[in-house]
Amino acid sequence: MNSSVLIFLFGVLGFLSYTFFTVIMYTNRRRTLSLLKLQVEKETESLLAEVEHIGQVELEQTQAGRELLEWRETILASRKSIAETTVAKNIALLRQVQPFSSLRQEDLRLLAPVIQIREYAPAQEIFLEGDRGNDLYCILEGHVLIYKRGEQGKRFGVRLFSASEFFGEMALLDDQPRSATAQAMTSTKVIMLNRSSFLDVVAKAPMVSLPMMRILSLRMRDFTDYSQVLAGRHGEDYNRIIAQQLLGLASRRGIATREGKALRMNIDLPLIEDLLMSMSSTEREIVKQVLSNLRDQGLVDIDDKENTLTVRDFAALFLRSAQGGNTA
Amino acid sequence: MSESTINVLVSGLMGIFGGMITISINGLISGFFKHEELLYQHQLDIIKMKKEKTLQHQMDIELQKISASNEELAKLKGEMAQLRAAVARLAGMAQR
């Protein structure tokens with residue numbers, strides 16, 4: 001073997017062994033650090049409890065006691081400042097979501113300490129139909145599909161929610177089991193608000209619930225339209241059903257392009273297909289076929305490279321969805 | 001220069017540079033961990049000192065209690081001496 005190759009191999013071997021030992025060292029020291037941190041927290045808590053147990057009146061009688069009181073004040077002040085930072089951060093997050101974005105600062109200050117942030121991986125279920133849940137979710141990042149299972153276990157999409165929207169409000173208001181399943185379609189980050197905390201805040205500041213009520217009333221209107229779509233499913237006319245679902249999606253998720261007439265969807269094509277499949281309770285092949293027909297008719301543009309879909313003419317698609325016509 | 005000499009020189013240079021990079025990266029990582037460890041260690045030391053302060057406080061309180069009882073005792077002793085003197089005076093008067 002050539003000596004240059006041998007030297008190169010030795011070099012690679014050295015690098016690998018160095019990386020291996022560095023990773024082990026890093027892991028070990030991180031573990032030590034986290035143990036130390038835990039110990040510090042535990043010791044601080046036990047000392048604080050001891051100081052509380054002795055009591056302020058008795059502590060003020062000695063020099064050592066007064067020093068302990070000073071120490072307690074410092075710890076409590078630093079904790080308060082950390083809590084203040086968290087509240088400020090949470091207020092900024094609450095401003096990003098629909099039901100709370102228009103609230104006053106003082107109302108947000110009531111909500112900020114009680115919210116929690118959760119993250120979900122793609123395809124992970126957030127809650128299941130029938131679960132006893134009492135949390136409201138507001139999406140910060142990602143998309144969440146709400147679906148129900150049909151008689152034969154077939155998924156039936158109800159609605160897609162994206163960043164800044166909220167879901168799970170029914171369990172928050174009526175304390176009943178979940179009426180549908182929520183699944184993260186992409187990497188999703190949400191704000192979680194517990195029922196009892198929310199009701200406490202509403203009791204203090206009733207205006208907090210007003211924007212939510214407004215959105216719920218809009219959703220009721222959407223639901224009426226959706227019922228009409230379902231009522232119009234004569235003979236499984238997928239051309240019409242999928243066109244109607246696409247119209248609904250475009251009206252909510254479409255971004256107007258420069259030409260004005262066209263609406264480019266702000267979600268990826270595979271996700272659009274998933275949604276149409278789920279919301280029309282049909283197969284992917286049928287969805288692909290219908291979309292391809294719509295493209296041939298010049299109603300939509302599909303860019304396979306960019307993974308985007310653009311509704312070229314919203315009005316024409318509306319007419320098409322009203323007329324129907326079987327393709328599948 | 002022969003090929004083997006060049007190889008030896010190249011490997012030597014690689015070793016020197018590799019070693020330098022390794023030492024600096026290790027130094028950075030170790031420095032970071034050392035700093036964090038020292039911070040936590042310092043906090044633990046403070047807590048230990050404060051625990052000693054609680055003991056000191058308890059001891060001071062006990063001392064205060066003892067000195068208070070000593071004062072009480074001295075007072076009682078004084079009263080007792082006065083009583084004894086009064087008893088002695090009464091006994092003297094009775095004898096007379």
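Residue numbers begin at 1 in each chain, while the letters A, B, ... track the order of the sequences.
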Practice item. With a 4.5 angstrom heavy-atom cut-off, could you sort out which part of B:Ile61 is near chain A: side chain, backbone, both or neither? Key: both
Review point. Of all of B:Met14, B:Gln56, B:Glu37, which one pairs up most often with chain A through heavy atoms under 4.5 Å apart?
Key: B:Glu37
Point to revise | Short side-chain donor-acceptor distance under 3.5 Å, B:Gln41 and B:Asp45 | key: no
Practice item. Heavy atoms only, distances under 4.5 angstrom: which of A:Ile54, A:Thr22, A:Thr44, A:Leu59 has the most pairs with chain B? Name it, please. Key: A:Leu59
**Study point:** Engaged part of B:Ile46 at the chain A interface, taking heavy atoms whose separation is under 4.5 Å
**Key:** side chain
Check your understanding: Taking all atoms of both residues into account, what is the closest heavy-atom pair of A:Asp135 and A:Arg195, and its distance?
Key -> OD1-N, 4.5 Å
Practice item. For B:His57 and A:Gln61, test the side chains for any donor-to-acceptor distance below 3.5 angstrom and give the result as yes or no. Key: no
Practice item. Let me know if A:Tyr18 has heavy atoms under 4.5 Å from chain B in its side chain, its backbone, both or neither. Key: side chain
Check your understanding: Where does A:Leu33 contact chain B at under 4.5 Å (heavy atoms): side chain, backbone, both or neither?
Key -> both
Point to revise | Residue part contacting chain A, namely of B:Glu52, when any heavy atom lies under 4.5 Å | key: neither
Exercise for review: Please name the pair of heavy atoms, one in A:Ser101 and one in A:Arg95, separated by the smallest distance, quoted to 0.1 Å.
Suggested key: CB-O, 3.3 Å
Review point. Tell me, side chain or backbone of A:Arg30 under 4.5 Å from chain B's heavy atoms, or both, or neither?
Key: both
Point to revise | Residues A:Ser78 and A:Ser81: side-chain donor-acceptor under 3.5 angstrom | key: no
Point to revise | Distance-only side-chain donor-acceptor flag, A:Arg118 / A:Gln116, under 3.5 Å | key: yes
Point to revise | Structural part of A:Glu50 lying under 4.5 Å from a heavy atom of chain B | key: side chain
Review point. Is there a donor-acceptor contact under 3.5 Å linking the side chains of A:Ser162 and A:His143?
Key: yes
